[in-house]
Amino acid sequence: MRADTQRSVLFLGIRAYRIAGRQRETCDLSPMLSTMPGILSTIDPVLREKLEELATQYDALGTELEDPDVLSDHRKVRELSIKRSAIESAALGVKRLHEIEAELVDLRESADGDDAELAELARDEIAQLQDQAETLLATVKSDLVSADDRAVGSVMMELRAGTGGDEAGLWCRDLLQMYERYAAMKKWKLELLDSTVDDGVGGIRHAVVSVKGEGVWQELAFEAGVHSVKRVPATETQGRIHTSTATVAVLPEPEEVEVTIDWANDVVEHVTTAQGPGGQNVNKVATAVHLVHEPTGIEVRMQESKSQQQNRERAKRLLLARVYERERQQKQAERDASRRDQIGTGGRSEKIRTYRYQDGIVSDERLGTKFQLREVLAGELNSLMEALIEQETARRLAAL
């Protein structure tokens with residue numbers, strides 16, 4: 001073996017030995033990043049503090065998932081797994097940055113040594129690691145600003161027919177079917193909680209669905225707003241194009257521990273017969289549940305099920321989500337008043353998308369990009385969602 005090759009192998013062997021030792025020392029993600037030299041010390045203190053919190057939280061969630069009491073609760077395991085998965089990339093990225101910092105310390109010692117050849121090899125390795133660290137840091141920041149969104153594994157979606165009469169109801173139905181198809185593709189669990197169907201043409205005036213799965217809030221939050229459609233309605237006899245709308249509201253569905261409702265003292269319940277088509281049971285049996293949260297004035301009605309108990313449970317879930325969303329918005333407003341919005345979710349414009357049947361395209365107002373109408377309505381929303389996530393991530397990174 002040539003002497004220069006031997007030196008290179010020896011150099012790499014020494015480095016590997018040192019790295020292995022450093023990795024054993026830094027396997028815990030929770031050390032204070034503020035004490036680290038180099039790249040991590042250049043991060044904005046607020047951002048660095050957030051990284052510290054994520055690193056600590058990642059380890060804590062891992063420990064919690066090993067608890068036998070938690071493992072026996074499948075619902076708890078699912079919730080914790082989604083939360084840990086949401087921050088895993090950022091947390092492991094921080095760990096790798098720690099390792100790179102440690103490697104750079106060793107390499108700088110070699111670069112300053114008397115052996116010219118090893119010093120040159122070390123300097124080349126330093127340059128490569130510094131480039132790797134900068135790229136990784138950008139990825140960690142990107143993961144960080146979306147971690148909170150990815151941690152929400154359940155949402156409530158409310159769809160309402162807007163302007164356009166019967167055609168608006170048909171359009172609301174089409175949107176619901178689009179989300180059902182997308183949820184199936186993503187392997188999310190979509191549950192219809194409540195709906196009001198037009199007796200005549202079969203459209204939907206109002207619907208509430210629960211969607212559960214990894215990434216539901218990160219993606220479906222973009223759907224909140226007004227969806228406008230331009231097409232010839234099925235009810236149109238002269239072939240004229242009409243514009244109709246449907247509105248979508250998306251609320252993160254919280255765990256009960258995140259928001260407290262005094263059900264006995266703060267909530268008034270009314271049980272009545274359901275309204276609308278549905279037969280004798282709907283019209284004569286008191287199964288519809290109407291809840292009023294007196295401290296906030298928020299009201300919820302649920303009548304989809306023939307079971308009063310099921311309607312009550314669903315109404316409570318929706319009320320909990322609405323109260324949580326109100327509190328979340330108030331806290332967000334307080335944070336915005338005191339400091340810039342670093343990590344929180346961005347606001348959504350009211351009119352978000354136009355579906356043009358005559359052109360076969362969908363135009364998203366926020367992106368300025370057109371998508372194929374047939375694909376979107378078939379539930380193939382991946383490209384659209386990826387573009388929106390990329391845009392929102394860039395906005396949040398610019399605000400850091």
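Shortest non-hydrogen contact noted between Gln308 and Val289 is O-CG2, 3.7 Å.
Taking 4.0 Å as the cut-off between side-chain N and carboxylate O, Glu214 and Lys83 do not count as a salt-bridged pair. In this structure, Glu392 pairs ionically with Arg395, as a charged nitrogen and a carboxylate oxygen lie closer than 4.0 Å. A salt bridge links Glu253 with Lys212: the closest approach of a Lys/Arg side-chain nitrogen to an acidic carboxylate oxygen falls below 4.0 angstrom. A salt bridge does not link Arg374 with Glu380: every distance from a Lys NZ or Arg NE/NH1/NH2 to an Asp or Glu carboxylate oxygen is 4.0 Å or more. For Glu313 and Lys316, the salt-bridge test fails: no basic side-chain N is under 4.0 Å from an acidic carboxylate O. Salt-bridge annotation for Arg317 and Glu191: present, with a side-chain N of the basic residue lying under 4.0 Å from a carboxylate O of the acidic one. Between Arg312 and Glu269, at least one side-chain nitrogen of the basic residue sits less than 4.0 Å from a carboxylate oxygen of the acidic one, meeting the salt-bridge criterion. Between Asp59 and Arg84 there is no salt bridge, since no side-chain N of the basic residue sits under 4.0 Å from a carboxylate O of the acidic one.
For the salt bridge (charged side-chain N to carboxylate O under 4.0 Å, His left out) test, residues two or more places apart in sequence or in another chain that qualify with Arg353 are Glu223, Asp364. Residues passing the salt bridge (charged side-chain N to carboxylate O under 4.0 Å, His left out) test with Arg205 are Asp198, sequence neighbours excluded. Applying the ring pair (Phe, Tyr, Trp, His ring centres under 6.0 Å) rule to Tyr355 yields the partners Trp171, His227; only residues at least two apart in sequence or on another chain are considered. By the side-chain contact (heavy atoms from CB on, under 4.5 Å) test, Asp124 pairs with Glu120, sequence neighbours left out. Residues satisfying the salt bridge (charged side-chain N to carboxylate O under 4.0 Å, His left out) test with Glu299, not counting sequence neighbours, are Arg301. Scored by the side-chain contact (heavy atoms from CB on, under 4.5 Å) test, Glu304 finds Leu192, Asp194, Ser195, Arg314 as partners (sequence neighbours excluded).
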- May I have the step-by-step check of side chain to side chain donor-acceptor pair (under 3.5 Å) for Thr243 and Lys230, ending in yes or no? CA-CA 5 Å; Thr243 299; Lys230 295 180 180 295; 3.0 Å; yes
- Apply the test side-chain contact (heavy atoms from CB on, under 4.5 Å) to residues Asp262 and Val267: give CA-CA distance (whole Å), side-chain angles for both, the deciding distance (0.1 Å), then the verdict. CA-CA 7 Å; Asp262 188 341; Val267 178; over 6 Å; no
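The distance from atom CD of Gln391 to atom CD1 of Ile389, rounded to the nearest 0.5 Å, is 11.5 Å. The line from CD of Glu386 to CD of Glu390 is 9.0 Å long, rounded to the nearest 0.5 Å. In this structure, OG on Ser363 lies 9.0 Å from CZ on Phe371, to the nearest 0.5 angstrom. Separating the CD1 atom in Ile126 from the CD1 atom in Ile100 is a distance of 13.0 Å, to the nearest 0.5 Å.
A donor atom on one side chain and an acceptor atom on the other are not found under 3.5 Å apart for Thr287 and Gln303.
Both Val248 and Leu373 are members of a single hydrophobic cluster when ILVMFWY side chains are connected at heavy-atom separations under 4.5 Å.
When atom types are taken as modelled, the side chain of Arg78 and the backbone of Gly153 share a donor-acceptor pair closer than 3.5 angstrom.
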